[in-house]
Structure formats: C-alpha cells, structure tokens
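Below is one structure, written out as structure tokens, with a few remarks after it.
None of the values given here were measured: they were computed from a predicted structure. Note that the numbering runs from 1 along the sequence shown for the chain. Read the numbers this way: they start at 1 and go in the same order the structure lists the ligands and their atoms.
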Amino acid sequence: MIRIRTTSALVAIFLLIQAALLIFKHAQQTNGIHQSDKKTSKVHILILSSWRSGSSFVGQLFSQHPDVFYLMEPAWHVWVTMYKNSARVLQMAVRDLIRSVFLCDISVFDAYLPGNRNISDLFQWAVSRALCTFPACEFFQRTDIVDEMTCKALCGKNPFGNVKHACKTYSHIVLKEVRLFDLTVLYPLVTDPSMNLKILHLVRDPRAVVKSREQAVKALARDNGIVLNTNGTRVDDSKYEVIREICRSHVQIFETATQKSSSFLKDRYMMVRYEDLAREPLAEISEMYNFASLTLTSKLERWMYNITHGLEPGKREQAFKITSRDAINVSQAWRNNLSFQKIRKIQEVCKGAMKMLGYRLIETEKEQKDLSLNLVLPRQQNQFAWSSFKVQK
Ligand SMILES: *[C@@H]1O[C@H](CO)[C@@H](O)[C@H](O)[C@H]1NC(C)=O
Ligand SMILES: *[C@@H]1O[C@H](CO)[C@@H](O)[C@H](O)[C@H]1NC(C)=O
Ligand SMILES: *[C@@H]1O[C@H](CO)[C@@H](O)[C@H](O)[C@H]1NC(C)=O
Ligand SMILES: *[C@@H]1O[C@H](CO)[C@@H](O)[C@H](O)[C@H]1NC(C)=O
Ligand SMILES: *[C@@H]1O[C@H](CO)[C@@H](O)[C@H](O)[C@H]1NC(C)=O
C-alpha cells in the first residue's frame, strides 16, 4: 500500500515537473515571438526606380532624415562584379544582397569588396547621411544635414565595420535600387517575418527619362549591356531597347502590385510620379513619409524648401547628383530638346506604361511645343484605382 502511494506521489511529482517544463518552454517561445516582433518594428523601405528618374533626389529626401539609414544602389556592386551576366540572372543576387543589408548584415559585401577596405569602398557612400554622422563618423551628428563633398573630405577613412554599427542604431533602413525589374522577385522579402518591407515605386515620363539618359550615355553603357545581355559589351540605347525594358518593368511592377497580387502588398506599395513630386514637393513628400512612418521635422522642411527652390548653398549640377534647378522646368525640358520623331519612337515602345502611369501621348509637333498643354494626367483621371493608395491631404 505504502509502495503504491509512493509511486503515485512520484508520478504526481513527475507530472508536475513536466507541466512546469512545458510552461517554461511556452514562456520561452512567447518571449521569442516577442523578440522577433521587436525586430520587425524596424521599417524597411525600398525605393524601386529606374535610371534618371529622380531616384537619387528621392533617396536624399530619406537619407537626411535622422531616423534613416540609407544606402544608394548597394546592388551596383553585384552588377559591377558580374557584369557579363544578364539583369535577369543577377536579380536573385541583388535580391539577397538587399535582404542582407536591410537586416544590417553587411558581411554580404565580402563577396564584392576587397578584404582591406574602408567606408569609402562602398558605392556612393557619401550620399548616405548615416555614414557621415555619428556613430559612423564622429564629425557630425545625425540631425545634421550633411553635404556629400564635406562628408567625403572627413569621413572616408573610417573602418568598414562602422557601416554595420551605424545600421543597427536606426529604426528605418532605406535602400534605393534601379536594378530590379520584376516585383515577384521581392515576394519572399515581403512575407519574411523578420522584415517590414515597403516598396516605393518611383516612375517618370519615359520621354524625360530618354532625354536625361542621352546626357549620360557613357555612364549608362555598361548597365545597358547587362539589361540587354550582351556578355559584357558596353552599348548605347540607340534602338530604344533599354527604355522598352524599363517601361515593361514599370508595367509589370505596377500591375502586379495593384491588380494581380493578393492583399499582402496593399499597404506595402506606393507609386510616385516624379512629375507630381516636382509640382507639389511638400505634399508628395508628406505622403511618402506617411507611407514610411516618418515624421517631417521643421529643419528638414526648410532644407527641402531650399533644394526644391534652387537655394542650396554651393551646389553644382552633375550626372548622378541631385539637382536643385526648378524641378518643374526640368521635368518639361524634353519637350524643347527631343525631336518629334524620337518622341514618337519612345511613345511606341512605352505606350502601355505611359497609359498606365498617366502620361498623355502627343500626336503632333504643335502639341509637343505647346507647354500650356499638360501631359501629366491628374491621378484621379487615371483608369486605375489610385484611391487605394491615396492619403488624405
Ligand atoms: C581608405 O580611404 C582612403 C580615402 O578616404 C583611401 O585613400 C584608402 O586607400 C582607403 N583604403 C584603406 C584600406 O585604407
Ligand atoms: C562572353 O565573352 C567571353 C570573352 O569575354 C567569351 O569567352 C565567352 O565565350 C562569351 N560568352 C558568350 C555566351 O558569348
Ligand atoms: C536654406 O538656404 C539658406 C540660404 O542659402 C541657408 O542659409 C539655410 O541654412 C538653408 N537651410 C537649410 C535647413 O538647409
Ligand atoms: C521655367 O519655365 C518658364 C516657362 O516655361 C520660364 O518662364 C522660366 O524662366 C523657367 N525657369 C527656369 C529657372 O528656367
Ligand atoms: C538640348 O540638349 C543638348 C545636349 O544636352 C544641349 O546642349 C542643348 O542646349 C539642349 N537644348 C535645349 C534647347 O535645351
């Protein structure tokens, strides 16, 4: 009798221990979930655009924000290293690099950079305010608005490890890329629970893009070769094959995000037209900041006024630099500078994208030169559902 009692007591104790272990385990798991929740409280923003579409400018609007760690075109390194491949083949390496950088795993650059390196080995590092301020660089504070030239002069020799240290201190990681052509490639990042990805799709009138590309033929030749899969040969775009590919990708991205795909992209995609940004910078910037969960400080607002009104001290214009010239004039410049024949050709290869994004086609040379004729259709008049992306003004 006593024996049986002891046994049942032992069983009871055993069960109690088991239960305690289970509770402990459960608590651990909950804790784990809680921790990964904390991780995803970061915001990851991908500015997805194309060459010469104002993406450097938009990148700066984010980069100067004190909560933002920004890198411009990190996947440039992928393309330069593997320049004999096609854009399609490189897309996955680009995707994986972006994912790593979003998670501040900067070791991904081991594949693309020399072992003995410093911050200045990173493509366009000095346009990243975060790499020019504390803790990446001791000379400036993160609330400072830092000019690229000043940063270059003072911060370039800092150890590469500072990139990671800095990255980890920010709530928002923003990357700008022109080297992705297919939105579905990004699906695994959208659904990744360790990430909180938002895609800002920046587009521009293809006629203006071509005009701007013509001013940078040399700088674009290698990338053209990758887009057209020429096995490393640099090419120009005299046959409009690259712009055709760019337009095709804008259609693919926009359609996939707004029509075909399931709701998981709904609050994670926003399309911005460069021309709207030029016309109403502050309204558009507030909308983008809203989307990105960032607040506009009064200092940033003053700076933004300056750069959109040509008041930036000591800036000169250059390829791949943001420009502070009257942005509306810049966005209309192609109308005085492209031949009607060229415009017809561009419209032919980009018709679908232009219709979809709300750019009016011109029929005659008279329409081209008549600057009172607005070719950027208001968003509301588009046949597509802008309403789902509209933020109250
Ligand atoms: C570090 O940066 C400077 C320029 O800022 C450069 O001259 C130097 O070669 C870089 N690399 C290394 C390994 O120090
Ligand atoms: C690409 O170019 C290299 C030489 O640069 C050549 O050896 C190779 O066969 C080419 N590949 C193709 C697919 O044409
Ligand atoms: C705006 O421009 C003015 C005039 O150049 C300059 O004094 C001021 O510091 C600028 N403000 C910001 C926040 O950039
Ligand atoms: C912008 O364009 C308008 C007319 O199209 C012109 O009057 C004005 O001078 C231009 N501004 C600049 C800064 O070029
Ligand atoms: C057109 O572009 C060319 C080359 O960039 C430039 O030299 C010329 O001044 C421009 N013409 C007009 C009318 O803007």
If you take the centroid of each ring, where Trp contributes its six-membered ring, are His77 and Tyr112 closer together than 6.0 Å?
no

Counting only non-hydrogen atoms of the protein, does one fall under 4.0 Å from atom 9 (O) of ligand 2?
no

Evaluate the pair Cys155, Cys132 and indicate whether the two SG atoms are within a distance below 2.5 Å.
no

Mark yes or no: Lys176 above the aromatic ring of Tyr70, with NZ or CZ under 6.0 Å from the six-membered ring centre and no more than 45 degrees from the axis.
no

For Leu71 and Trp125, what are the C-alpha separation, side-chain angles and deciding distance, and is it a side chain to side chain contact (heavy atoms under 4.5 Å, CB included)?
CA-CA 7 Å; Leu71 286 187; Trp125 66 279; over 6 Å; no

Determine if the distance from atom 5 (O) of ligand 1 to the closest protein heavy atom is below 4.0 Å.
yes

Pi-cation contact, Tyr170 with Arg142 (under 6.0 Å, within 45°):
yes

Lys84 heavy atoms within 4.0 Å reach ligand 2 at atoms 4 (C), 5 (O)

Quick one: nearest non-hydrogen protein atom to atom 13 (C) of ligand 1, plus distance?
Asn116 OD1, 3.3 Å

Give the numbers and elements of all ligand 2 atoms closer than 4.0 Å to a heavy atom of Asn231.
1 (C), 2 (O), 3 (C), 8 (C), 10 (C), 11 (N), 12 (C), 14 (O)

Please report which non-hydrogen protein atom sits nearest to atom 14 (O) of ligand 1, along with the residue it belongs to and the distance in Å to one decimal place.
Asn118 ND2, 3.2 Å

Taking the ring centre of each residue, are Phe139 and Phe134 less than 6.0 Å apart?
no

Which of the atoms in ligand 1, numbered in the order shown and given with their element, are less than 4.0 Å from a heavy-atom of Gly156?
2 (O), 5 (O)

How far is atom 7 (O) of ligand 1 from its nearest protein heavy atom, and which residue and atom is that?
Lys157 CE, 4.7 Å

To the nearest 0.5 angstrom, please state how far the CZ atom of Arg179 sits from the CG atom of Leu97.
11.0 Å

Does atom 2 (O) of ligand 1 have a protein heavy-atom neighbour under 4.0 Å away?
yes

